[in-house]
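Written out below as structure tokens is the structure these notes cover.
Chain identifiers are assigned alphabetically (A, B, ...) following the order of the sequence lines, protein sequences preceding nucleic acid strands; residue numbering begins at 1 within each chain. Model, not experiment: these values are computed from the prediction.
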Amino acid sequence: MRVTFEVNGEEVTADNVWAGESLLYVLRERLGLPGSKNACEQGECGSCTVYLDGSTACSCMIAAGQCEGRTVQTVEGLVEESGEGTDKQLGSVQEAFVEAGAVQCGFCTPGLLVQTDDLLSRTVRTGQEAPADTEIREALAGNLCRCTGYEKIIDAVRLAAEREAEKSGGGAA
Amino acid sequence: MEFLSPSTWEEALAAKSAHPDAVPITGGTDVMVELNFDQHRPPALLDLTRVTELFEWEPDGSQLRLGAGVSYTTIIEKLGRHAPALAQASRSVASPQIRNRGSVGGNLGGASPAGDSHPPLLATDATIELASVRGTRHVPAREFYLGPRRTARQQDELIAAVLLPQPSGPQQFCKIGPRNAMVIAVTAFSLAFNTATREVGTGIGSAGPTPLRATEAEQFLAAEFDWDSGALSEEAIRRFGELVASAARPIDDVRGTADYRKHALSVIARRALGWSVSEYRKGEPQCV
């Protein structure tokens with residue numbers, strides 16, 4: 001079957017999609033968007049986390065056909081325009097992960113970035129206080145990482161929250 | 001394999017009638033795992049995510065009508081007062097990503113004895129609304145589970161909604177698992193007081209071929225509990241735990257032994273009862 005949907009602001013079409021094919025497979029193998037990682041294919045690890053119509057989900061557990069006409073945002077969509085032509089730069093959450101040293105092998109990183117972006121959308125970006133550590137841990141509970149030990153990841157989320165709070169003028173961090 | 005994508009409930013029922021083997025999919029959190037691992041290759045997938053009614057909820061007389069596709073996240077955020085035990089159970093489901101997609105309808109469709117929503121549905125005496133082109137019928141949750149992954153749902157039927165009685169007293173849900181998140185229950189228990197009828201309901205998860213009730217424990221507690229003063233002896237609380245454990249029919253498996261499950265059930269049943277009694281005495285639901 002043919003599936004047409006919006007990914008990172010652009011309409012895309014995938015052809016010859018098998019009925020049981022996952023959104024993750026379509027993103028990686030048909031649309032050339034390898035940011036979402038394929039690790040467990042059973043919703044355990046969170047490496048393939050994307051936004052579907054604004055809420056986060058494991059793309060391995062979405063049938064591609066369910067996305068017809070819907071809106072998907074992947075980790076690739078977290079980059080920001082630099083203002084000069086087509087140049088892009090890392091988004092603030094991505095930047096914070098790099099700075100805090102929260103990136104090692106990088107397999108879990110895309111999922112953590114999307115889930116962190118979602119957490120910040122629900123907190124500092126709406127003028128609320130920066131998330132407490134317990135909220136950060138809860139938000140990231142579905143994302144496994146085998147190399148960082150999580151401390152630097154949590155540091156990165158705190159840093160991103162702080163920066164975004166400053167940006168939005170709340171200073172809540 | 002076909003991909004059926006009805007946009008209305010009538011179309012969905014017609015599709016299920018024409019393709020009884022089609023596997024309904026909403027959140028995909030069970031169905032896609034089986035497909036990804038090639039454990040199951042159904043002739044068709046029946047995508048229900050475009051049937052908007054399945055994602056709605058509304059008070060319906062003395063009950064809450066919860067569409068089968070309403071996500072756990074929505075239950076947690078919006079329905080804590082309408083369905084306290086179910087909201088507590090929803091909080092313990094997997095991760096945020098999965099709670100955004102998973103639903104009570106999916107839990108009922110899969111009918112794993114470990115599904116987190118089953119104990120609260122049993123304890124609160126919820127009703128499952130099943131529909132097909134032949135019509136709609138209502139099955140009490142207490143009659144819905146027939147065996148491991150076997151339910152009262154007929155092949156041509158879809159799960160439309162769950163009807164939850166308005167709470168009339170404290171409700172609790174407890175779950176034992178080796179970690180805080182992303183875990184299938186080793187065992188789980190739910191307790192609901194009905195102050196209007198002076199009855200209590202129970203639900204046991206992951207400790208039998210189906211979710212179970214502890215009817216003897218329910219009767220014992222309803223008789224022992226002083227519904228006027230809220231008094232209950234320590235001895236009665238201990239006995240209640242024993243009766244709950246004795247109603248379980250667990251097996252030894254990778255997540256725990258039968259003995260451990262029985263022991264854990266007696267402990268969480270006592271805890272749930274203790275919390276419920278103190279909430280009852282205060283007269284206000286606490287955890288909503």
Side-chain angles (χ1 to χ4, degrees), chain A residues 1-3 16-25 36 38-70 111-112 114-119 121-122 131 134-144 150, chain B residues 1-7 19 21-52 55 69 71-74 76-77 91-103 106 110 177 179-184:
Chain A
M1 65 180 165
R2 166 176 282 198
V3 184
N16 300 318
V17 174
W18 174 60
E21 202 164 301
S22 68
L23 170 64
L24 175 63
Y25 186 90
S36 310
N38 180 354
C40 76
E41 285 193 291
Q42 53 182 325
E44 289 277 350
C45 76
S47 294
C48 66
T49 303
V50 300
Y51 284 101
L52 174 63
D53 281 353
S55 68
T56 60
C58 296
S59 58
C60 71
M61 297 196 302
I62 301 167
Q66 296 184 296
C67 300
E68 176 67 37
R70 304 211 185 264
L112 283 162
V114 174
Q115 201 56 27
T116 301
D117 187 76
D118 178 59
L119 173 67
S121 301
R122 289 182 285 108
T134 47
E135 285 175 80
I136 297 173
R137 285 174 183 275
E138 173 56 27
L140 304 183
N143 293 74
L144 288 182
Y150 300 104
Chain B
M1 186 154 108
E2 274 187 89
F3 191 85
L4 309 168
S5 194
S7 51
H19 306 262
D21 289 342
V23 172
I25 178 169
T26 47
T29 56
D30 281 334
V31 175
M32 287 305 289
V33 175
E34 295 199 336
L35 289 175
N36 289 341
F37 287 88
D38 215 3
Q39 288 165 346
H40 189 40
R41 188 63 68 89
L45 284 184
L46 177 57
D47 176 30
L48 297 175
T49 52
R50 281 158 222 283
V51 180
T52 50
F55 300 86
S71 71
Y72 292 115
T73 302
T74 302
I76 294 164
E77 289 175 356
R91 285 193 184 102
S92 80
V93 172
S95 66
Q97 290 96 315
I98 289 168
R99 292 194 290 268
N100 283 344
R101 304 267 304 159
S103 61
R179 52 186 281 227
N180 282 340
M182 290 301 303
V183 76
I184 298 175

- Message: Among A/A63, A/G46, A/C58, which residue has the highest count of heavy-atom pairs closer than 4.5 Å to chain B?
- Response: A/A63
- Query: To the nearest 0.5 Å, how far apart are CD in A/Q66 and CZ in B/R50?
  - Reply: 8.0 Å
- On a heavy-atom basis, the closest approach of A/A141 and B/S95 is C-CB, 4.4 Å
- Note on the structure: In A/L52, A/T56, A/D118, A/V114, the residue satisfying side-chain contact (heavy atoms from CB on, under 4.5 Å) with B/Q97 is A/T56
- Message: If I measure from the heavy atoms of chain B, does A/T49 come under 4.5 Å with its side chain, its backbone, both, or neither?
- Response: side chain
- Would you call B/M1 and A/E21 a side-chain contact if the rule is heavy atoms closer than 4.5 Å? no
- Under 4.5 Å from any heavy atom of chain B - which part of A/A139: backbone
- Atom group of A/C67 that falls short of 4.5 Å from chain B, counting heavy atoms: backbone
- B/D47 versus A/E68: any side-chain heavy-atom pair under 4.5 Å? no
- Query: How close do A/E41 and B/F37 get, heavy atom to heavy atom, and via which atoms?
  - Reply: O-CE1, 3.4 Å
- Item | Toward chain A, the part of B/T26 with a non-hydrogen atom under 4.5 Å | backbone
- Does CG belonging to B/D21 count more than 12 external heavy atoms closer than 6.0 Å? yes
- Query: side-chain contact (heavy atoms from CB on, under 4.5 Å) between B/N36 and A/S22: does it pass, once the steps are laid out?
  - Reply: CA-CA 8 Å; B/N36 289 341; A/S22 68; 4.2 Å; yes
- Query: Is a salt bridge present between B/R99 and A/E138, judged by a nitrogen-to-oxygen distance below 4.0 Å?
  - Reply: yes
- Query: Side-chain contact, heavy-atom cut-off 4.5 Å: B/P96 with A/Q115?
  - Reply: yes
- Task: Give, as side chain, backbone, both or neither, the part of A/C40 having an atom under 4.5 angstrom from any heavy atom of chain B.
- Result: backbone
- Heavy-atom pair count under 4.5 Å with chain A, highest-scoring of B/I25, B/D30, B/L35: B/I25
- Quick one: closest heavy-atom pair of B/I98 and A/G43, and the distance? CD1-O, 3.1 Å
- Message: Can you confirm whether A/R2 is buried at CZ, in the sense that more than 12 heavy atoms of other residues, nucleotides or ligands lie under 6.0 Å from that atom?
- Response: no
- Item | Worked check of side-chain contact (heavy atoms from CB on, under 4.5 Å) between A/R70 and B/T49 | CA-CA 11 Å; A/R70 304 211 185 264; B/T49 52; 3.9 Å; yes
- Message: Is B/L45 in contact with chain A via its backbone, its side chain, both, or neither, using a 4.5 Å heavy-atom distance?
- Response: side chain
